[in-house]
Amino acid sequence: MASSNLYPTAELRSADARHYLHPFTDFKALAAEGSRVMVRGEGVWIEDSDGNRYLDGMAGLWCTNVGHGRSEIADAVHDQMKELAFYNSFFKTTNAPAIRLAEKLSTLAPNGMSRAFFCGSGSEANDTILRMVRYYWSLLGKPSKDIVISRVNGYHGSTMAGASLGGMKLMHSQGGMPIPGIVHISQPYWFAEGGDLSPAEFGLLAARELEKKIDELGENRVAAFIAEPIQGAGGVIIPPETYWPEISRICAEREILLIADEVICGFGRTGKWFGSHYYNIKPDLMPIAKGLTSGYLPMGAVMVSDRVAEVVVGIGEEFFHGYTYSGHPTCAAAALANLAIIEREGLVDRVANDIGPYFQKQWLALGDHPLVGEARMVGLIGALELVPNKPSRREKFADTGKVGTICRDISFKNGLVMRATRDSMIISPPLVIKHDEADELIRRATKTLDETHHVLQAQGLMR
Ligand SMILES: *Cc1c(COP(=O)(O)O)cnc(C)c1O
């Protein structure tokens with residue numbers, strides 16, 4: 001029996017409040033309010049212990065690409081656990097699922113990346129990357145190249161390296177971050193920061209900040225540039241079409257490594273296997289996680305290009321780095337089963353040519369709503385910018401995040417999981433979402449926008 005069925009909800013909620021510290025949470029406020037206890041998932045649906053059903057518009061947390069409740073993955077995990085639940089890859093040992101997964105990923109990754117360094121999460125992948133890029137340049141006799149350029153409002157995880165590479169001010173404000181050797185440039189966020197420029201002009205301007213920053217620091221100090229093809233947690237910032245070609249030009253002209261953080265964009269989210277395929281990016285290193293296992297078990301990896309491998313493999317000395325769970329056989333078995341589903345069901349192509357365009361058309365039409373300043377979407381990842389005085393992009397709601405939170409709470413009440421980032425609403429549904437479920441998602445989102453609009457009018461927060 002599932003553990004959630006063994007206890008009454010009230011008892012669970014009370015123990016949760018007393019003992020369980022949740023991620024990214026005001027502990028005290030949540031303890032007072034009480035958590036939702038999730039008990040079941042099937043396809044795009046999740047259910048809480050009070051019997052409420054929600055359409056999971058966030059695919060768990062950007063990860064459940066194949067949907068909830070896939071017994072094929074459970075069976076693969078079960079079989080692997082019975083055979084060899086765990087063994088490490090440290091002492092000249094290895095295991096079949098990790099080998100097969102590394103081999104499989106080499107056939108899917110962009111830019112001929114043929115090697116994988118496994119870890120437990122996206123954050124760990126970015127810790128590994130920070131170590132690896134500095135190691136790479138020091139092996140080439142250029143140890144002064146140790147600065148990584150990253151972007152404001154980017155998200156690269158929550159460990160010290162991950163959060164420092166990320167550009168989240170609130171995260172930096174606790175715990176002494178960013179750590180030294182990481183600097184941030186602007187994000188290509190046209191809606192909020194583009195001013196009177198066209199998206200194309202603004203995309204070039206934002207990209208050229210990289211060039212300026214390299215010149216300012218000196219090329220002999222810069223190791224790498226890291227960015228998400230589409231910024232996810234920052235609010236689904238879809239860059240103007242001019243952005244990535246210009247970044248690629250700069251990285252090709254300068255002696256720096258390019259890191260594409262594919263933790264969200266990977267595994268079909270954009271309608272290609274990776275966001276790098278979508279934008280024709282040629283990364284030297286690529287952190288992956290989330291959709292790698294569809295979240296069924298925690299696993300991440302760094303995909304390594306031949307350019308980097310030639311140096312770090314070629315040197316013939318020990319890389320003093322790794323995790324107990326690097327190449328975890330059971331997690332690798334889950335990843336293989338997940339990738340097999342994605343391939344067999346043609347989910348990447350489905351996002352590009354079927355459900356993606358079908359859903360996008362309706363999502364973009366939400367841009368006509370009086371509360372929505374912009375609706376945007378690529379593949380199955382999108383956002384709605386809520387604004388008080390359409391069509392002005394300049395006017396924002398006074399208390400940033402308040403309206404987003406109101407809208408998110410109404411959305412939950414309406415049985416739809418959308419995430420709020422500042423005052424924009426975020427969607428990233430499982431790639432298996434059916435046409436009628438997409439219609440239902442749009443119905444619930446529309447109802448949510450209408451109700452939010454009324455609440456804001458009643459509270460005098462907008463006309
Ligand atoms: C979620 C995320 C991470 C961190 O992954 P965790 O598994 O939460 O550590 C890193 N990069 C991006 C782009 C992410 O979205």
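Every number for a ligand or one of its atoms is a count from 1 in the order of the listing.
S305 and N111 share no side-chain donor-acceptor pair at under 3.5 Å. With hydrogens and angles left out, the side-chain atoms of R444 and S411 include no donor and acceptor closer than 3.5 Å. Between S186 and E209, the side chains place a donor N or O and an acceptor N or O closer than 3.5 Å (distance only, hydrogens not considered). Using a 3.5 Å distance cut-off with no hydrogens or angles, the side chains of D16 and S35 do pair a donor with an acceptor.
Environment of CZ in F397: crowded, with over 12 heavy atoms of neighbouring residues, nucleotides or ligands closer than 6.0 Å.
Remark: the backbone N or O of T159 is not paired with any side-chain donor or acceptor of D127 at under 3.5 angstrom.
Contact shell of ligand 1 (protein heavy atoms, cutoff 4.0 Å): S121, G122, S123, N126, Y155, H156, G157, E228, D261, V263, I264, K290.
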